[in-house]
Peer 1: 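Provided herewith is a single structure, encoded as structure tokens, for subsequent inquiry.
Note that the numbering runs from 1 along the sequence shown for the chain.
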Amino acid sequence: MRTTSRRAVLDAALELVAEGGLDAVTISALTARSGVSNGSVYHHFGSRSGLFAVLYRESFEHCVTTLLPALEHEEPERAVRELVARYLGWVAGDTGRARFLYAAPLTAGPAVKASVFQPVAAWFAARAEEGALRPYPPWALDPVVMGPAHECARRHLAYGFDLGACAEPVADAVWGAVAPVG
């Protein structure tokens, strides 16, 4: 499968998820939307699950890449607040990928997610070791620390909740979760 055909299938999958959720992503719908044969889809991705695994990793990499510049700030509070703003901005700006990540959280294994998220987890661990942030185990960064941002993102994707309006209070909540005690 040529790279352009592979990209066409991945793009078609994102469009189908946006239109009808994961159930809308069938091999026949993918071939109709992308213009490639079903044999090509199976040859490259192996299965619908294989396609989802590739799309999940790619989408999660897009998300994390968007976050990384926030971590260049010297001051942890500024970095954390910008991380939240970048995340919410990514969700608003790339709703197709965001919708897919929220619809298909189990399509990539924990090792894949940990590998992609490693630079963010390492940044938090280093700041916690310095005493600049409250320590959290890596598994807690997503559900505990970023929980308020995730809930707002879900509402945005479900019914257009205004992410701009929630950015500051969500950043306050996330900073409150990681700010050093005392």
Side-chain angles (χ1 to χ4, degrees), residues 10 13-15 17-19 21-22 52-182:
L10 292 167
L14 286 171
E15 291 170 7
V17 168
E19 294 168 9
L22 293 179
F52 283 169
V54 169
L55 190 56
Y56 193 96
R57 180 181 188 101
E58 180 184 279
S59 296
F60 196 51
E61 285 172 347
H62 277 248
C63 177
V64 170
T65 298
T66 299
L67 303 179
L68 293 178
L71 305 181
E72 295 172 8
H73 293 294
E74 288 270 332
E75 184 184 332
E77 182 176 358
R78 184 171 175 206
V80 168
R81 289 178 179 283
E82 185 175 330
L83 184 94
V84 170
R86 284 179 164 275
Y87 179 73
L88 295 175
W90 179 80
V91 169
D94 202 344
T95 57
R97 288 186 186 282
R99 192 175 307 285
F100 178 76
L101 290 179
Y102 280 105
L106 302 178
T107 59
V112 169
K113 292 178 185 178
S115 169
V116 173
F117 196 67
Q118 193 281 330
V120 177
W123 183 89
F124 274 91
R127 297 314 161 292
E129 190 173 305
E130 298 166 357
L133 293 178
R134 188 176 308 165
Y136 279 99
W139 68 262
L141 292 174
D142 193 42
V144 176
V145 174
M146 291 297 287
H150 288 309
E151 184 56 29
C152 290
R154 283 184 191 92
R155 291 174 184 206
H156 172 75
L157 295 170
Y159 54 86
F161 182 76
D162 182 3
L163 290 179
C166 75
E168 190 172 339
V170 168
D172 290 345
V174 172
W175 174 246
V178 297
V181 178

Peer 1: Arg97: what forms a side chain to side chain donor-acceptor pair (under 3.5 Å) with it, not counting sequence neighbours?
Peer 2: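 Arg97: side chain to side chain donor-acceptor pair (under 3.5 Å) contacts with Glu58, Ser59.
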Peer 1: Arg127 side chain to Ala132 main-chain N or O, any donor-acceptor pair under 3.5 Å?
Peer 2: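 Checking the backbone N and O of Ala132 against the side chain of Arg127, no donor-acceptor pair under 3.5 Å is found.
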Peer 1: In chain order, what residues pass the side-chain contact (heavy atoms from CB on, under 4.5 Å) check against Ala85, with sequence neighbours excluded?
Peer 2: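 Listed in chain order: nothing, the list is empty.
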Peer 1: Among residues at least two apart in sequence or on other chains, which ones pass side-chain contact (heavy atoms from CB on, under 4.5 Å) with Glu129?
Peer 2: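 For Glu129, no residue satisfies side-chain contact (heavy atoms from CB on, under 4.5 Å) once neighbours in sequence are set aside.
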Peer 1: Report the residues that fulfil side chain to side chain donor-acceptor pair (under 3.5 Å) with Glu15, sequence neighbours left out, ordered by chain and then residue number.
Peer 2: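 Partners of Glu15 under the side chain to side chain donor-acceptor pair (under 3.5 Å) test: Arg33.
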Peer 1: For residues 61-75, which residue pairs qualify under salt bridge (Lys or Arg N to Asp or Glu O under 4.0 Å), counting only residues two or more places apart or in two chains?
Peer 2: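 Counting only pairs at least two positions apart or across chains, the salt bridge (Lys or Arg N to Asp or Glu O under 4.0 Å) contacts touching residues 61-75 are Arg57-Glu61.
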Peer 1: Which atom names give the shortest non-hydrogen contact between Val112 and Ala108, and what distance separates them?
Peer 2: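 Looks like CG1-CB, 4.1 Å.
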Peer 1: Quick test of your reading: applying side-chain hydrogen bond (donor to acceptor under 3.5 Å, both in side chains), list the pairs with at least one residue in residues 170-182, sequence neighbours left out, ordered by first then second residue.
Peer 2: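 Counting only pairs at least two positions apart or across chains, the side-chain hydrogen bond (donor to acceptor under 3.5 Å, both in side chains) contacts touching residues 170-182 are Arg81-Asp172.
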Peer 1: Evaluate the side-chain proximity of Leu68 to Pro119: yes if any heavy-atom separation is below 4.5 Å, no if none is.
Peer 2: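 Yes, at least one pair of side-chain atoms sits under 4.5 Å.
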Peer 1: Can you list every salt bridge (Lys or Arg N to Asp or Glu O under 4.0 Å) pair that touches residues 173-182, not counting sequence neighbours?
Peer 2: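 For residues 173-182: none.
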Peer 1: Do any N or O atoms from the side chain of Arg99 and from the backbone of Leu157 form a donor-acceptor pair under 3.5 angstrom?
Peer 2: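 Checked: pair present.
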Peer 1: Considering residues at least two apart in sequence or located in another chain, which fulfil the side-chain contact (heavy atoms from CB on, under 4.5 Å) criterion with Ala177?
Peer 2: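 With neighbours one apart ignored, the set is Tyr136.
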Peer 1: Return each pair, listed once, that meets side-chain hydrogen bond (donor to acceptor under 3.5 Å, both in side chains) where at least one residue sits in residues 112-123; pairs must be two or more places apart or across chains.
Peer 2: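 For residues 112-123, and leaving out neighbouring residues, there are no side-chain hydrogen bond (donor to acceptor under 3.5 Å, both in side chains) pairs at all.
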Peer 1: Taking only residues two or more places apart in sequence, or in another chain, which ones meet Thr107 in a side-chain contact (heavy atoms from CB on, under 4.5 Å)?
Peer 2: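 Once residues adjacent in sequence are excluded, the partners of Thr107 under the side-chain contact (heavy atoms from CB on, under 4.5 Å) criterion are Phe52, Tyr56, Phe100, Ala104.
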Peer 1: For residues 143-151, please give each side-chain donor-acceptor pair under 3.5 Å, one per line with the distance, not counting sequence neighbours.
Peer 2:
unit_1, atom_1, unit_2, atom_2, d
His150, ND1, Tyr87, OH, 3.3
His150, ND1, Tyr102, OH, 2.5
His150, NE2, Asp142, OD1, 2.5
Glu151, OE2, Arg155, NE, 3.0

Peer 1: Are the side chains of Phe117 and Leu141 in contact, using a 4.5 Å heavy-atom criterion?
Peer 2: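 Counting from C-beta outward, Leu141 and Phe117 do come under 4.5 Å.
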Peer 1: Looking at every non-hydrogen atom in both residues, tell me the closest pair between Ala70 and Leu83 and how far apart they are.
Peer 2: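 That would be CB-N, 3.5 Å.
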Peer 1: Taking C-beta and beyond as the side chain, do Thr95 and His156 meet within less than 4.5 Å on heavy atoms?
Peer 2: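 Yes, side chains in contact.
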